[in-house]
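Everything below concerns the one structure shown next.
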Amino acid sequence: SEDISISLIAIFTSALFGLFIFLPFLNFLLKLSDIHYAVLSGSVLQITGFVKVAVRNLGIDSQALALSVKTARYLGLFLLVPFFGSLAKGRVHIPWFLWGFLIAGSFFSYFQDTAQILRPILSPVLAVLWSIAMAAVGLAASSRIIFSRQGFKAMVVSFASLLIGVVIFVLGLYLGA
């Protein structure tokens, strides 16, 4: 539980830095097109809500592209987490909650009319459940652990992953052109 708290705080902090400081600075410096900025945001920001905020002033197509890139990242995690977990355990193991994500994601992707009807009903329920989960994680965290060696390592890894993602994007942008 402390590991989860430390990880979430590190991810939130680096994503916040990326959203409000690093990505806007890069956008100003490199004069990225809306499409490139959308792909960058969807590629490197760890939190979906932050991707939405990063591209809020772009066109609807660029916003959709950014969220599609972010969705592709989630799909990759959906496949890689059980894969590496299976390697560690020596057998194929897919956690039960991943099936729920897959079923819900597929359902709402393919039945968008039903999704539009259910969204007003499910949104408050999901907000309450998410708040409960985050409060539970927050209550389990001690401020000392965030400033510990383990907390420092999590921050370094989180910021390094943001920086590496941006470097790979910029190299691809300029070397692939």
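We number each residue from 1, following the sequence as shown.
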Tabulate below the donor-acceptor pairs under 3.5 Å that side-chain atoms of residues 11-23 make, not counting sequence neighbours, or state none.
{"from": "Thr13", "atom 1": "OG1", "to": "Ile9", "atom 2": "O", "distance (Å)": "2.7"}
{"from": "Ser14", "atom 1": "OG", "to": "Ala10", "atom 2": "O", "distance (Å)": "3.3"}
{"from": "Ser14", "atom 1": "OG", "to": "Ile11", "atom 2": "O", "distance (Å)": "3.2"}
{"from": "Ser14", "atom 1": "OG", "to": "Gln46", "atom 2": "NE2", "distance (Å)": "3.2"}
{"from": "Ser14", "atom 1": "OG", "to": "Ser158", "atom 2": "OG", "distance (Å)": "2.5"}

Co-membership, hydrophobic cluster, residues Phe152 and Leu163, 4.5 Å side-chain: no
Nearest non-hydrogen partners of Ile121 and Pro124, listed with the distance: O-CD, 3.5 Å
Same cluster (ILVMFWY, side-chain, under 4.5 Å), Val53 and Val55: yes
Within one Ile-Leu-Val-Met-Phe-Trp-Tyr cluster: Ile35 and Val69, side-chain cutoff 4.5 Å: yes
Going by atom type alone, with no hydrogens or angles, which donor-acceptor pairs under 3.5 Å involve a side-chain atom of residues 36-43 and a protein atom two or more places apart or on another chain?
{"from": "His36", "atom 1": "ND1", "to": "Ser33", "atom 2": "OG", "distance (Å)": "3.1"}
{"from": "Ser41", "atom 1": "OG", "to": "Tyr37", "atom 2": "O", "distance (Å)": "2.9"}
{"from": "Ser43", "atom 1": "OG", "to": "Val39", "atom 2": "O", "distance (Å)": "2.6"}

Gap between atom OG of Ser7 and atom CE of Met155 - 0.5 Å precision: 10.5 Å
Where Ile6 and Gly151 come nearest, the two heavy atoms and their spacing: CG2-CA, 3.7 Å
Rounded distance [0.5 Å steps], NZ in Lys70 versus CG in Leu65: 14.0 Å
same_hphob_cluster(Leu171, Ile164) at 4.5 Å side-chain heavy-atom cutoff: no
Thr48: partners by side chain to side chain donor-acceptor pair (under 3.5 Å), with sequence neighbours left out: Tyr74
Heavy-atom side-chain proximity of Leu32 to Leu173 below 4.5 angstrom: yes
Geometric cation-pi criterion Lys31 and Phe28, 6.0 Å radius, 45° cone: yes
Flag if over 12 foreign heavy atoms under 6.0 Å of CZ, Arg149: no
hydrophobic_cluster_shared for Val167 and Tyr174, side chain cutoff 4.5 Å: yes
